[in-house]
Amino acid sequence: MDRVRSVLALCAATVLAVPGITALSSAARAADADLARNGGFEAGLDGWTCTAGSVVNSPVRSGGSALKATPAGSDNARCAQTVTVKPDSQYTLAGYVRGDYAYLGASGTGTTDVSTWNQSAPDWQRLTTTFRTGASTSKVTIYTHGWYGTGAYHADDISLVGPGVDAGQPPAAPTTPTVGTVTSTSVALSWPSVPGATSYAIHRNGTKIQSANGTSATVTGLSSSTAYSFQITAVNEAGESAKSPAVTATTTSGPGGGDPADLPAHALIGYLHASFANGSGYTRMADVPGSWDVINLAFGEPTSTTSGDIRFSLCPATECPNVESEADFKAAIKAKQAAGKKVLISIGGQNGQVQLTTTAARDTFVSSVSKIIDEYGLDGLDIDFEGHSLSLNADDTDFNNPKTPVIVNLISAVKTLKAKYGAGFVLTMAPETFFVQLGYQYYGTGKWGGQDPRAGAYLPVIHALRDDLTLLHVQDYNSGPIMGLDNQYHSMGGADFHIAMTDMLLTGFPVAGDANNVFPPLRPDQIAIGMPATPNAGNGHVPSSETNKALDCLTKKTNCGSYTTHGTWPALRGLMTWSINWDRFGGWEFSRNFDGYFG
């Protein structure tokens with residue numbers, strides 16, 4: 001026992017006497033880094049190129065996402081990314097896989113390319129391999145793939161650990177940008193190139209809004225007769241430069257900013273059950289009364305949750321015996337439009353879960369929705385994503401700069417549609433309170449995790465598209481109690497709930513209680529209050545007297561009850577209801593009350 005102590009003491013003394021060895025070991029460890037980008041697939045397929053891969057929320061090993069890739073007879077479902085490495089250096093590649101015949105490897109190493117695989121992994125199994133880069137190797141490709149014709153495999157938490165590479169310095173800031181063509185909804189910008197820049201970012205009123213590979217870009221989706229400030233930053237692998245000096249441009253007058261000039265000052269919006277029947281019965285387009293200013297066709301639905309492929313068809317005659325023909329339906333739409341009404345395709349609904357997890361799904365969404373709009377000659381799009389369509393990844397904490405693929409891809413898709421159809425394109429949204437006002441208390445999974453990732457998940461979509469948004473009509477029904485700006489919980493069943501929920505949208509609110517992260521107010525002409533038309537239509541129906549109290553309080557600041565609003569908004573756009581069919585079932589009470597209130 002004493003001899004053992006002596007030997008250990010001698011070893012300790014030897015280590016302490018040679019500090020250089022310890023310092024060298026620590027420095028070597030400190031230089032190692034995980035160089036794989038988005039190895040947990042929390043940002044979708046960002047950084048990866050896949051032949052047949054998508055991101056799924058289950059099964060996952062950690063976080064909220066993982067890769068699922070399905071080989072075919074002539075495709076092994078390879079997903080790969082190229083990583084910058086140091087020459088003549090040792091690296092460890094590791095990752096977790098699940099399924100049969102899943103491979104993990106590295107190519108272009110400059111020495112011996114490596115791979116490892118499992119034959120069968122019913123649950124997550126770790127794969128790992130090592131390699132050394134060649135004397136002149138600066139980039140390697142890491143990859144995962146399956147085997148031809150076998151079932152899908154999953155991968156998660158892929159890492160490449162080894163010496164990092166100094167990315168150098170960010171570029172210098174660009175000089176002041178130049179304003180080009182200005183319209184009521186767009187501003188063209190250009191700027192001199194910056195040495196070392198690989199791309200540029202455009203900032204509007206201090207917020208980054210888009211990227212450009214060249215030295216010019218056109219910012220779209222702007223409001224008419226509005227002054228905007230623009231700055232440019234230069235970007236390379238090392239990061240982003242300081243902002244350029246600001247330049248100001250004022251858009252011209254004319255319709256724009258998501259507010260078509262021919263929409264009534266006070267509008268009645270309703271959903272028409274066009275593709276299905278329920279207890280309210282089928283209502284033909286031609287039979288919709290003239291009270292309805294915006295008619296949302298319910299619903300366009302995806303072929304699968306993540307396909308992005310939206311389809312719409314009229315209710316089959318077996319389900320709706322009185323359904324009109326396609327020709328009569330299209331003719332009725334034209335007649336409504338001739339009378340100044342807007343007819344939109346509503347995407348989603350309770351059963352139409354839509355998750356644009358990939359850019360491919362995003363592009364399919366754009367093309368398929370465009371096809372429906374063109375086929376029926378529609379005026380725009382209503383987004384009614386419910387259920388699990390929108391949720392936030394764990395690291396997505398700032399509604400100003402969303403990272404989650406389903407959020408980012410939806411925003412991009414809608415902007416593309418808006419740009420395609422122009423300023424007259426009508427864009428409306430019908431989120432549930434859980435996805436909007438609940439964001440005052442909770443946003444995503446929260447700082448410490450454990451919260452529902454869907455909480456407040458519509459906020460980044462609304463904020464990014466606020467300049468394109470015609471109407472936001474939150475569903476003030478089928479909702480649990482929600483905390484208002486008075487820090488009191490408000491429940492359905494009376495005017496108070498509608499007043500408190502609408503006041504939040506018109507006043508703005510700190511997201512998740514963070515005073516430094518405030519969701520800005522929307523314009524009153526962008527807001528309609530969503531209500532059920534009858535007690536049969538949904539939980540939270542209120543009689544017409546309570547509807548009128550809510551309108552009195554918000555537009556005149558009378559009949560407010562116990563809740564004190566933060567303003568008075570006579571330009572409040574109007575009311576939305578689920579649905580036109582249910583209003584007909586109820587003897588048109590909802591629409592008649594609206595007509596009586598607004599004259």
Residue list, ring pair (Phe, Tyr, Trp, His ring centres under 6.0 Å) with Phe598, at least two apart or on another chain: His266, Phe594
Those residues that, when tested against Ser544, pass side-chain hydrogen bond (donor to acceptor under 3.5 Å, both in side chains) (two or more places apart): Glu589
Residues, nucleotides or ligands: over 12 heavy atoms within 6.0 Å of Tyr442 OH: no
Heavy-atom pair of closest approach, residues Ile407 and Ser391: CG1-O, 4.1 Å
Test applied, side chain to side chain contact (heavy atoms under 4.5 Å, CB included); reference residue, Val294; option that passes from Asp379, Leu263, Leu268: Leu263
Ser313: side-chain contact (heavy atoms from CB on, under 4.5 Å) partners, not counting sequence neighbours: none
Pairs where residues 308-390 contributes a residue and the test disulfide bond (SG atoms under 2.5 Å apart) is met, not counting sequence neighbours: Cys315-Cys320
Shortest non-hydrogen contact from Leu506 toward Ile527: CD2-CG1, 3.7 Å
Side chains of Ile383 and Val414 in contact at under 4.5 Å (non-hydrogen atoms): yes
Shortest non-hydrogen contact from Ile269 toward His473: CG2-NE2, 3.9 Å
Taking every non-hydrogen atom, the tightest pair across Gly456 and Pro460: O-CD, 3.7 Å
Phe590 ring center within less than 6.0 Å of Trp582 ring center: no
Distance-only criterion, 3.5 Å: show the donor-acceptor pairs between side-chain atoms of residues 474-484 and protein atoms not counting sequence neighbours.
| from | atom 1 | to | atom 2 | distance (Å) |
| --- | --- | --- | --- | --- |
| Gln475 | NE2 | Asp384 | OD1 | 3.0 |
| Gln475 | NE2 | Glu386 | OE2 | 3.0 |
| Gln475 | NE2 | Ala430 | O | 2.8 |
| Asp476 | OD2 | His498 | ND1 | 3.1 |
| Asn478 | OD1 | Asn539 | N | 2.9 |
| Ser479 | OG | Thr433 | OG1 | 2.7 |

Partner residues of Thr303 under the side-chain hydrogen bond (donor to acceptor under 3.5 Å, both in side chains) criterion, sequence neighbours left out: Ser307
Stepwise side chain to side chain contact (heavy atoms under 4.5 Å, CB included) test for Met429 and Leu465: CA-CA 10 Å; Met429 299 183 194; Leu465 296 169; 3.6 Å; yes
Summary of disulfide bond (SG atoms under 2.5 Å apart) pairs that have at least one residue in residues 328-431, sequence neighbours excluded: none
Side-chain donor-acceptor contact under 3.5 Å, Asp552 with Tyr597: yes
Contacts of Lys330 that satisfy salt bridge (charged side-chain N to carboxylate O under 4.0 Å, His left out) - sequence neighbours left out: Glu375
Aromatic ring pairing Phe299/Trp578, orientation class (parallel under 30°, perpendicular over 60°, tilted between): parallel
Worked check of side chain to side chain contact (heavy atoms under 4.5 Å, CB included) between Val56 and His154: CA-CA 9 Å; Val56 295; His154 296 78; 4.1 Å; yes
Distance, nearest 0.5 Å, that separates NE2 of His463 from CG of Leu522: 10.0 Å
Heavy-atom side-chain contact between Trp588 and Asn593 under 4.5 Å: no
Summary of side-chain hydrogen bond (donor to acceptor under 3.5 Å, both in side chains) pairs that have at least one residue in residues 353-372, sequence neighbours excluded: Ser370-Lys420
Set of salt bridge (charged side-chain N to carboxylate O under 4.0 Å, His left out) partners for Lys549, sequence neighbours left out: Glu546
Considering all heavy atoms, the nearest Ala394-Thr397 contact: O-CG2, 4.0 Å
Any side-chain donor near an acceptor of the partner, Thr150 and Asp100, under 3.5 Å: no
Residue among Asp486, Asp503, Asp496 satisfying side chain to side chain donor-acceptor pair (under 3.5 Å) with Tyr563: Asp503
Point-to-point distance, once rounded to the nearest 0.5 Å, from CD1 of Ile529 to OG1 of Thr502: 4.0 Å
Between CE on residue Met576 and CG on residue Asp382, distance to nearest 0.5 Å: 8.0 Å
Which atom of Ser280 lies closest to which atom of Asn581, heavy atoms considered: OG-CB, 3.2 Å
Intermediate values then yes/no, side chain to side chain contact (heavy atoms under 4.5 Å, CB included), Leu471 and Val426: CA-CA 8 Å; Leu471 291 170; Val426 180; 5.9 Å; no
Ring pair (Phe, Tyr, Trp, His ring centres under 6.0 Å): pairs with one or both residues in residues 328-368, sequence neighbours excluded: Phe329-Tyr376
Interatomic spacing from CD1 in Ile345 to CG in Leu378 - rounded to 0.5 Å: 6.5 Å
Partner residues of Glu301 under the side-chain hydrogen bond (donor to acceptor under 3.5 Å, both in side chains) criterion, sequence neighbours left out: none
Sidechain-backbone polar pair: Tyr458 side chain, Phe385 backbone, donor-acceptor under 3.5 Å: yes
pair Asn57-Ser65: side-chain heavy atoms closer than 4.5 Å: yes
